[in-house]
Structure formats: C-alpha cells, structure tokens
Colleague: 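Dumping the structure here so I can ask a few things about it.
For the numbers below, each heavy atom of this structure counts, side chains included, while hydrogens, waters and symmetry mates do not.
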Amino acid sequence: GKMAGVLERSYIEICGFERESVLRFRQITLNLGVGLHSGGVKYADSAGGFSYEDSGKLLSVTSNRFVHWSTSGDTVQFVEQSLDTNLLNNAVRLRIPNCLLLPGGVCIQETLNNIIILIVTSQSVHRLVLPHPTRMYRSDLVTELQMQSIFTDIGKLNLNEPAHSYVLPFAQGTQTTAPSTSAGWISHQGEALFALASPSGAITVVTLPAHDQDGTVSILELKQSSMMQRLAGWMPTAIRGDQSIPDLAISLAVHQLEDDTFIFALCQDHKLRMWSLKHQMCLLVTDMLEYMPAGRGEVKASPALAHKLRLFFSSSIGLCLAIYLAVPKRSQFCVLQLVASENNRYSLDHISTLFTTQETLVDFVLTATDIWAVWLDNDNQTVVKYISFEHNTTGMWNQVFVQPSPEEEVHVGEDQDPRVRAFASNVSLIPFFQIYKRDTERYSDLSWEELKKEVTVTLENELQGSVTEYEFCQEDYHLLQVEFWSKFYACCLQYQDVLSTPLALHISPATAMVCVLKKGFVSFLLPCFAIDHLYLSSDDYLISEEETPIAEDSEMSRDVLQLVHCLRMVNESLPEDMAYEMEKALEDLLSPEKVSEKVLEGLLASDNGNVIQDITNKLQDINNPIVAINMLLRELDLETDAETDSRHTGQSLRVRISLSQLYGSSVAASLICQAVCQIAMTRTLICRDLLILQQLYLRIGDNVRGSQLLQLQQDLISRCSNLLCTYHLLKQMSLTLSSSVPLDILNADLQHLSVLELSDSTTPTSRRSVLNPQTVVELFYQNVARKAIMSQIFSQQDVEGNQTMLHWPQMISSVLTLLCQFLWPSNPSFLFPECLMLNCQYTQLQEYVRLVGPWCQVNVGSYRFVLGQCYLASGEGQKALQCFQEAAAEVDKEEFLMKLTGSVEEAATTTAPRLLYYNKVLRLLEDIGLPELVIHLATLAISEAANDERIQVIALFVFAPCIITFSYSHSYCRALSSILTCIFSKLLCCFVLCVLQVVSIIESRARAVDLMTHNYYELLYAFHINRHNYRKAGTVMFEYGMRLGREVRTLRGLQKQVNCYLAALSCLRLVHPDYAWIVQPSSGAAYERPGTSPKRNYDGEFAANPVSQQIDILELKDLEKEYVLARSRLTLAQQDPPSAAIAGGASSQEMVALLVQTGLFDTALTLCQTFNLSLTPVFEGLTFKCIKLQYKGDRDQTEVWNWLAANQLPTVITTKDSSATDEAWRLLAHYLEKYPSQNAQYHRCVLNKLLSHGVPVPDWLLNAYKEVDAAALLRLYLNYDQLESAAELVLEYVDALLGKGHQYFGIARPLSATASLVWLPYTSIDQLLRNLSESQINEKNLKDKLSEYHRLVDQSSRHRLMAR
C-alpha cells in the first residue's frame, strides 16, 4: 500500500508534552534516620527504563508495557505505561531523605512471580518486591478498559523492614566515603546484589538474602591490592596524598554467566577491568586507549570522567561491550566481544570503532546491531542518532528528526486574537498555575475548556489592572494584549524547555521501540517514511543518498533527490509572510494554484540573493522532471480502493479481545495521532513547495517538452493542489479538539441518530483525562479506526499459532498508513465524518465539510447529508432540508448513503434506494419534531414518483405510514389529504399490503414514543373500529391502558387508563361470547427503544438469554376486574391528588388499604367484592376513624365531612343535632347491616377494635351482636378484663334462658320441659367467677342467679323424663 516506503534509516520523535497534565504521583517518604553528607556530594539527574520480557507478545497481559524512572537528588519517581491499556495508580514518587540516588542506582528485574526494583543511594540500598502483572490478572482474557499498575499496592509495603532496606555502614560521614557509581542485579538464587564503586578504587558488593528467605546481609570488597573479603571501612583519598584514584570506577556493568557473575568496571585510568564475583579476582584488564588511532598520550595524562560502558547479550552473538571514550572533538565508541578460552581466561575481540563529532553525550544503548545515542549540542538542543556498528562503511550516523521546539514567539496578525494563537501552540499550561496560582490541586480536575477560561480571566484581569488610562484605541489595546500573552507564552516555553532536557534512552528488546526519557515526559521514536526522510534530511545526508525506494532505477533516484533538494531550497527562501499567506489562503478556501503563482511572483521580485536563480540552475540538472514530480505526487497520494472489513473472522475470543485492546491506551492514541499531525504538517510543506516549484517550471520550461508542459499545467499542478488541501485538512483535524457534549443534549441527539440505524452502538467512549483534551482524530481512532486497522493488519495471520510478535517500527508504520488512509477524504471510506456525527461533534464536522467541499469530488452526497445533520443540531431546519435534498441525487452511488438506506435488506431488494433514503430522512425529521419539513419533503418525494406506476406503489408503501403516523392534528389533515389523494386512487391493488405495513409501523411507533406526546393508540383504535375488528381494537386499548398505568402515573394518566379499559370492555361486549378474549400484551421487550443492542443491556454488559414467556389469555371478567381496579385508583387520585403516583402501580390489596386510609369505604368494599377479598380491613378502618372522631370531638370536621360525602349514606339526617361523628357511626351500622357475615365476624372485628382502644361499645352494636353470639361477646369481655360488663351479660343471658327477654338473645323458646335444649358457656362463666373472686368484686348475685338456673334446669329435666 501507499506510505509503505519506510526507511529504517531515520526516525521522527513524537513528544508527549503537548498540553499534558502533571501525573498524579503518590508520595512515599522512607526515613532511614541517616544524616546528610558533610561534603555536599551531588549526583547528576538520571533516568532509565524496563520492558517486560513478553511485551512483544500480542496475547500477553504485559504486551507493549514498560516502566520508566527518573532520579533527582534524594527522590526517584516511577511511571508504568502501556500502549494497550490505561493503567491505574501507575505513578509513584519515593523520597529517601539525605540519601542521594547514584548513577545507575535503579535496576528493575523480572521473575516468574514478581517485579523486583533495586535502588542504590549514597548511604543505603533498597529492594522493592511487587507482584508480576500475570499474577495480578490470573487470566490472559483481561477485558477491562483499565488495569491496575504494579505500583497499586506499593503503599502497603513496610519499606523500613530489613527485607526492603539496608543502611550501608561504610558510607556514613564525609563526601570522600560516598560511592561514585553503582549497579544492581538479582542472582539465580533470588539474592539482591549491589555493586558500589568505592572512592578508594575498590568495588564493594552488598548482598541481601532472597526476599522470601531468612538470612544476613554480607559485604564483599573487590580490590586488586588485597583480593580478599574485608569488612573494614574505606581509606579516604586525602590520607594517601594523591588527587585521583586510577582504578576508581566511573561506570559499572554486570552480567551473569552460568554460575559466575562478571562485574565490568570502566575506570579513571581509561582501563576496563572485569571482575569475577565467584573467584573474587580481576580476570581481565584492557587499556581502552589502545583503540584510539592518535593522541593517546595527551588523553592518558588526564583522568577519565565521562566515559560510559554498556553491555548487550544474546544467545546468538554472546556478550558484547560498547565503551564510549569521551575525548574533546575526538570522542568514539568501541564495540568489543568477550571471548572465553580454556583455564578461565578471557579476552576481548575488537568489532568496530565509531567516531562522533558531538560533544556532550547524555546516554547511549547497545543493541544486537546498532548503537543509539542522545547528546546535547552547543545550543542545548537534543540530538539523537544511531548507527550500525557492523555494516557501516561510510561511518555516517542515521538521523532522528527530533520534534522541533515551539516557536520562540507567537506571531499574531492584526486580524487575529492573541489568545487563540497562544492556546493553539503546543505548550503546557502547567506553569501558569505554578506561577499565577498557588493552589494547583484546585485546578487538577478542571476540563480543558475550564482551564483555558481560568487562564484567560486571570491574564485579562492583570491586563485591565495595568491600564491607567480610561480610553484606549483598538490598536493600542491589541498591542497590550499581544504583550501580555507573549509574556505568558514565554513563561510556558521556558518551563517546557526544562522538561525537555534528555536524561536517557530506553529500547525495548522485545519490540525494538525506542524512547527518549526526558525530565518531564517520554518521547517515542517512529520510523520515518521515505518522502519525509528525504525532505527533512540535512544537505549532508541528502548528498550521501545514492538511491531511494521512491524511484525504481538509479537515474530516476538522482532526479528525485535533485528535485527534493530544490524543494528544500524553496522552503528556505520562502519568507514568513508569504508562508503565512499560503496557509491563510488554504483556510479561506482560495485557489492554491493562484496563490502559489502570486507567491512565486513575490519571490522573483525580491530575489536579492539570486536564490531563485540557484533553484533554476538546479532544475536544469534534472533529466526528466515530469516523471520525478509524478513520482513524488504518487508517493504523497494515499488514495486507495481497498475495502475495509472490521470483522475478526475465524479468530478465537482471546485473540479478538487482545486485538480490541492493542494500541488502545490514551498514551498510544495521543502518540499515533500526534504522528499523523506531524506527517500532515511535513507533507503540507512538501506540497506547498512543490506547487511553487511547478509554477516556476511553467515560467522557465527549458528542459520540459510541450506535451510535458501541458501535462504539468493540466494534471500535475491540480493534483498537487488537491494534495496540499488534503494534507492541510488532515493537519487541521489533528489539531482540532473534540467538544464535551452535555449529557442531556448527548442523549437527545443519540436518540434522534438511532433512527438512522447506522451503528450498533453510537455511545461515544472517551478514555482520555479531561486535562489532556482529545482531538477529533484521537476520538476517531479510539472509537472506530483502531478496530478496523487491527482487523486489517491481522486478518491474514494465524495470531494464536504463530505467537505474533509486535515489532514496533513495522506495526506503527502500518497503523499510521492505514489511519491516514481512513482519514483521506478521496477514499470511499466515510468513517471519519460518520464518527464525528455519531459523537455529536457538529461544529468540528461543519468545519471539516467546509474545508473539503471545494475540491473533493468523492462522497459529495454524504458530505451534504452530514452537513444537514449539523444544521439540524443547530436548529437551522430549512438549510438541513436543502442539504438532504442535494444528497438524494447520490444515494445509489456512495457507500455511506447506501448503508443508510440498506439497513433493511428485504426492503432494499424491492424498494428504490432513493425512496428508502427519503423514508429515513422523514423519520429523522419526525423524531426531532419538524412537521412542516416532513410535509415538504414527503410532497417532494411523492412528486418525484408521480410518473412511474411501480414507483407510485413503492412510494405509498414507504411514505404513507410515516406521514400517517406523524400527526393527525387538524392543521395538517388538509395537507396530508392533498398529498395522498393524488395517488390513492391508482393504488387499490396494493392497498391490503400497504394497510398491513401501516398498522405494523404504527404499532411499533406507538410502543416507541412518549404516550402523552404522540397518541398513536387512539389512531389504531379508530382504525380497527372502522374495520369492525372489535377484538383487535379492544387489545389496542387494553395495551394502551397497561402502559399508562406503568408510565404515566398522574391524574390525567389514570383518567385515560379508565377510559381505555372502558373502551376495551365495550369492544369485547360487541364480540360473540366465545371470542370475547384477548392475549395479554407483553411488558418486556415490546417497549424497548428501537436501535438498542439486542446483545447488551443499558450498562453495556452482555444481556442474559431471553426466557420464553407464558401467554396469558384475558376474558371479559378479567377486563372487568382491571377496570374496577383502575376506577378505584382514579377515585383515590381525585380525592387525594398526591397519591396518584402511588396508586398507579398498587395491587388490589394495596388499593384497599389506600382507599380505607383516605375514607373511600364504598369504593374499597366494591373492590373487595370484585377481587373476593375479605371486608375486615374496611370495617377495621372505619371503626378506627369512628374512634378518632369519638375522642376528637366536633372540631375542624371539614375533612371528615368530605370523606363522609364520598360514601353513600342510607338516609340523610337534617336535624341540627346530627354531627360528623354520628354520621360515621351510622355509616358503620349501615355497612354491618348491608354486608352480613357468617357468625357475625364483622361485628366481632368492630367490637374487638373498640374494646382494644377502650372505647365504650354502642348499645345498638351490643344488641345486634348479643342476638347472634352472646358467648363470643362474653369471651371478648373477658379478653379485655371487662368483668362487670361480662357479669351483667351473664345475668341477662340466664334471665333470657329462663324466659325474661329471650327474644334479645335470639332464643326462640326459653327453658321448659317441652322446649328444645338450652346451654350456657360454662367455661367462660367459670373463668369469670374466678376473675371476680380474685378482683374482690361481689359475685353473689351471679352465683344466686346460676343456682336458680340450675334448680330450674333440674326441675325441667325431671318433668321431661317423667313425660316419657
């Protein structure tokens, strides 16, 4: 594909400082109780990195994951980063007071279960044991968007324990005892070893036992003079009298080989020494000056201070050493290989010597084939280069194009706002808060827009405060603004320069990813594409180029290189004002050809240094300029016809999950999209310079034939102009920030967009922090492009079988190429504008369409459609309608519009795409609520189909449901009638089919919209009544009523529900009794919003498998019950409006309680009888109200009369003596009489309630209950200790049995010889007598009455026996 010409001969640097927020480091302080060195020893800041062993494996938890650290004084800070997943709690800052971090004082190693960090300071050594990521996540199937870092639980470690920290006994005191450098490693037995370079020239090795084993710390000293283990302190330099120690190590490196460990020490006497830890002896000494070609004596006279040593080991090439000899103006790298012979003897074979003219080396890394190095030049600018130490004949170092620093000044035009220019520059806002604001924590959670507002307000206030005059002209105020904002910009720039200081290089062995570790951030090196490499290369490198992958043969390569050299000359000769004029012309959509011609005229007019003449002379040397230009344009053009398929076919779940996370972190997204921006900026300059150069060719044309001149004029210049506009567009989009949309607006827009059915999930997902704002290209990459890119890269690979390795240069080049192709507006893919639309980025989308409109001839209709959507979002309906109409002409030609209309495959085979398109737009306008536009567009669509009989059928089939279901209010009936009448008469043959679809669409629409806004159920009801389909009409109204009860729990909703159920009852009563039934509507998925995913629930989790539901049949009696329940709800809501929300979902039992509480006893009794419920709650409730009234009296009884009036009293008492209390008792008596019960259970419950509250029982109630069950009344009296009433009742009852008042107890015939048998409740009477005796109440009358009764019973019994 295009952009495939990647030269791994140069790289570009992508920095991570752009608008970056400060990492939130967790602060940990480890106080060892040691004092500060008296000599004030200082060490330079340092940094380093560690990559996991499996970081290059796709299916690993540690893929693309690494840790980097930096040290400064007594503080070391660690950051773990991943290019695949965002890591939580990944930044830690550890401070060890008075213990300064040594050079090489941090080492990280990986074991099977742990990550072990070794730290060496001037007075202590430390070991931190952290869990390995594979042990934190037991499965490789990690599906979270974020993962925990290995530093998550570091706060739980007790770092003062002996297993973690050890204070060096020999390093206390003065500066002369402080070690100069160090190294650390983990032995095969798990021990932690630290090598420290002693000021006396010895190497001290401190060994901590394995972290999970007990043991003691051992200290071993390696020194040529003693060769034996010593525990004594070091002898200071001053005692011996010499000023420098020849064998003082200035750089240490360690390598473990089988059962021994070799310590390599590069010393001040320019010698390399190799120590065996096992044998405690020096095995090898090599004078590095022997590898210098000249000037050895001069170098030997001075001690080495800046030499550096690095190792590299692999099983194939063995152990290699690279030594940097820091010699002014003659620095060099020596690469040596360790060779072992018999008898434990070793030697070094010389592989290569590489020279460099750079002065201040910061760090370098040795790999299997290359040396990578980073320097600071004389201007304190970063220089990064690399070279192959084996296959390099010219000695030329390969370039790394470091990211240029922001301009030192912000150039503000007279018509520009300085605030906009300052914020558009790539600088951090952090220094503003450190200088102008003291409380930086307060601003840590602000969004980017809020941060900009805070900066603007503060600076504008300062500006206003500095103004002493009351009146200012516009020009003076603008100058003052520029001055203040330039000061702000300079402050930020100075802060950024400090952060940009390089400290180290890190190269991942597994992925070959190269990082430059700087003071404030990390930058990444990406392979440079061939055309960018040629344009960015310096003249020295360009001259040395012999061939280029852009050209096919050497002669053509020479022409291309010569042409690129001319482009660079044009770039250097172009003044700033002309460059700005070209850029502004692109922004204002002016013709690039005309502006470039104008710029060329300006260059010719001001060619004082004959630069244009030099360019013209260079052009004469190009043999075939047209072919060379054509090759450059072909390389710049990313147009492709390849179809994109984002489906992972035939891949396992594990592979699909890994691919879904690959390069998905916010770090990777920012990095990749900054690289796109960098490429776009570079190629914008290439296209600009090439366009000016072609205009120059048209003027001179000496070595261009006539036909070629015509090709240049008609083809190449226009192609170059389009490419210039395209790369300018990519650059602008890469710099444009996405907007944060308020949640309510977002939800509303997404609901409208769901009508288009474009995507399974339109919910925007942002994984960026708010302080580091997301550009629209990042938004596109994260939400859409990344999935498609990874699918395309791995579509033909057996990922699981081959254990795919993630080679960084190859992977990042492929990702960048494919992402640029997805963004390329001339490609058929329309994913980028679609993503902006689905994420509600309407302002950015409008700007994109504005920039692309004049010159892009692909997806013209699609651009008009999305522009119409932008107008809809901003409330410009007429403009939107115009765009939708213009897009209709391309509906069957463009992929996006075909996807828009082809969502229903069955319909797509029979219906014209254009009419399906109109149908979608009509539904969109309907959903937003624009009836005039619906009528207008429908009229247009049907008029288009007026001349074709088949199309007329289709038009009715498609549009009639949409128009009918939109609104049937009187204001639109006439318009709708005029539209439809013209075609209805011709379409009777398809009427039945159309009706079925109309009904289906109206039903689905009725279930999808708000019940109180669009009333489609009544329309369906009227339709079915009109067709005499009463059962279907009843079903519709019953479903309507059910939804009202669930969704609209208001008084109005309950009124509608009662009417619905009444209408449903009426319908079923018109049907034959055998068919008077309906199927109960489902309450589940039928009411879900259209467009929702069938696989996931609202939270995005996988939904459970649907459970088959039982079908319930409702007969007429069931509907009557629902009607009674609904009517009782309405009655309650009318009596007590606040209870409407509760009543809407209450069951019949719950409704009885609510009605009784409100005083609606008639309604409650009706409901109980309908649902066969007990009336006891009603009687208890009314009794309690009577009790309250009894105690309350007649004060404030308005509310009482209200609920009494709501119940039907038997008669109205109009006398003045009648009170609310009396009426309540009368109502209770009426109910007891009206609703008789077995054994008078309702009387009993009333009596029970009264007695439990200590209320005297009314005589009418006692008389009524005595007549039914005197024994039960006696038991009630006994239960509530009413002994006197009980005794009186027994006396009356005995008298009744004896013939005195027997009719009041329901006794037909009293005691006699001829009457039926009689009885007394002896158990209860015995209990009464016992209680009376215990309470000292006179029971004599009762006993006498019982004695008399027993005498008469005995007498009657004897007479009966005698009568037999």
Colleague: Do N1279 and L1251 come within less than 4.5 Å of each other through their side chains, counting heavy atoms only?
Modeller: no
Colleague: To the nearest 0.5 Å, tell me how far F1038 CZ sits from L1114 CG.
Modeller: 5.0 Å
Colleague: Show, in sequence, the C-alpha distance, side-chain angles and deciding distance for L1167 and L1125, and conclude whether the side-chain contact (heavy atoms from CB on, under 4.5 Å) test is met.
Modeller: CA-CA 7 Å; L1167 191 61; L1125 181 59; 4.1 Å; yes
Colleague: Hey, does T1158 have a side-chain heavy atom less than 4.5 Å from the side chain of S1139?
Modeller: no
Colleague: Using every non-hydrogen atom in the two residues, find where A1146 and R1129 come nearest and quote the distance to one decimal.
Modeller: O-NH2, 2.7 Å
Colleague: Could you please spell out the steps behind the side-chain contact (heavy atoms from CB on, under 4.5 Å) verdict for K1117 and K1121?
Modeller: CA-CA 6 Å; K1117 61 182 181 180; K1121 285 185 177 181; 5.9 Å; no
Colleague: Can you name the nearest heavy-atom pair linking V1246 to L1232, along with the distance?
Modeller: CG2-CD2, 4.2 Å
Colleague: Donor-acceptor pair, distance only, cut-off 3.5 Å: does the side chain of N1248 make one with the backbone of R1244?
Modeller: no
Colleague: Within a reach of under 6.0 Å around CZ of F1171, are more than 12 heavy atoms found that belong to other residues, nucleotides or ligands?
Modeller: yes
Colleague: For a quick test of reading the model, state the closest non-hydrogen atom pair linking N1207 to G1159 and the distance between them.
Modeller: ND2-O, 2.8 Å
Colleague: Measure the shortest side-chain to side-chain distance between Y1021 and I1025 over non-hydrogen atoms and say whether it is less than 4.5 angstrom.
Modeller: yes
Colleague: List the atom of G1034, the atom of A1064, and the distance in Å for their closest heavy-atom pair.
Modeller: O-CB, 3.6 Å
Colleague: How long is the gap from CG on L1227 to CG on D1222, to the nearest 0.5 Å?
Modeller: 12.5 Å
Colleague: What I'd like to find out is whether the side chain of N1059 reaches to under 4.5 Å of the side chain of K1056, using heavy atoms alone.
Modeller: no
Colleague: To the nearest 0.5 Å, what is the distance between NZ on K1249 and CG on L1182?
Modeller: 11.5 Å
Colleague: Determine whether R1127 and Y1061 satisfy the following criterion, side-chain contact (heavy atoms from CB on, under 4.5 Å), listing intermediate values before the conclusion.
Modeller: CA-CA 9 Å; R1127 212 177 66 185; Y1061 286 160; over 6 Å; no
Colleague: Per the side-chain contact (heavy atoms from CB on, under 4.5 Å) rule, which among V1058, T1166, T1163 passes with S1128?
Modeller: T1163
Colleague: Between Q1055 and Q1134, is there a side-chain heavy-atom distance shorter than 4.5 Å?
Modeller: yes
Colleague: Hey, mind stepping through T1183 and V1255 against side-chain contact (heavy atoms from CB on, under 4.5 Å) and telling me if it holds?
Modeller: CA-CA 11 Å; T1183 305; V1255 178; over 6 Å; no
Colleague: About how many Å separate CD of E1122 and OG of S1148, when rounded to the nearest 0.5 Å?
Modeller: 9.0 Å
Colleague: Quick one: pull up CE in M1037 and CD1 in I1078 and give me the separation to the nearest 0.5 Å.
Modeller: 11.5 Å
Colleague: Nearest 0.5 angstrom please: L1054 CG to C1060 SG, how far?
Modeller: 11.0 Å
Colleague: I'd like to know if the side chain of N1029 reaches the main chain of H1024, judged simply by a donor and an acceptor atom lying under 3.5 Å from each other, with no hydrogens or angles considered.
Modeller: no
Colleague: Is the shortest heavy-atom distance from the side chain of C1168 to the side chain of V1152 under 4.5 Å?
Modeller: yes
Colleague: In terms of relative ring orientation, are Y1235 and F1179 parallel, tilted or perpendicular, with 30° and 60° separating the classes?
Modeller: perpendicular
Colleague: Taking only Lys NZ, Arg NE, NH1 and NH2, and the carboxylate oxygens of Asp or Glu, determine whether K1032 and E1003 approach each other closer than 4.0 Å.
Modeller: yes
Colleague: Under 4.5 Å between any side-chain heavy atoms of Y1123 and L1062, yes or no?
Modeller: yes
Colleague: Taking 4.0 angstrom as the limit, do E1223 and R1226 come out as a salt bridge?
Modeller: yes
Colleague: For the CD atom on Q1135, are there more than 12 heavy atoms of other groups (residues, nucleotides or ligands in this structure) within a distance under 6.0 Å?
Modeller: yes
Colleague: Do the non-hydrogen side-chain atoms of P1137 and L1051 ever get within less than 4.5 Å of each other?
Modeller: no
Colleague: Could you report the tightest heavy-atom contact between L1132 and M1151, atom names first, then the distance?
Modeller: CD2-CE, 3.9 Å
Colleague: Within the distance-only criterion (no hydrogens, no angle test), does the side chain of Q1057 pair as donor or acceptor with the backbone N or O of G1041 below 3.5 angstrom?
Modeller: yes
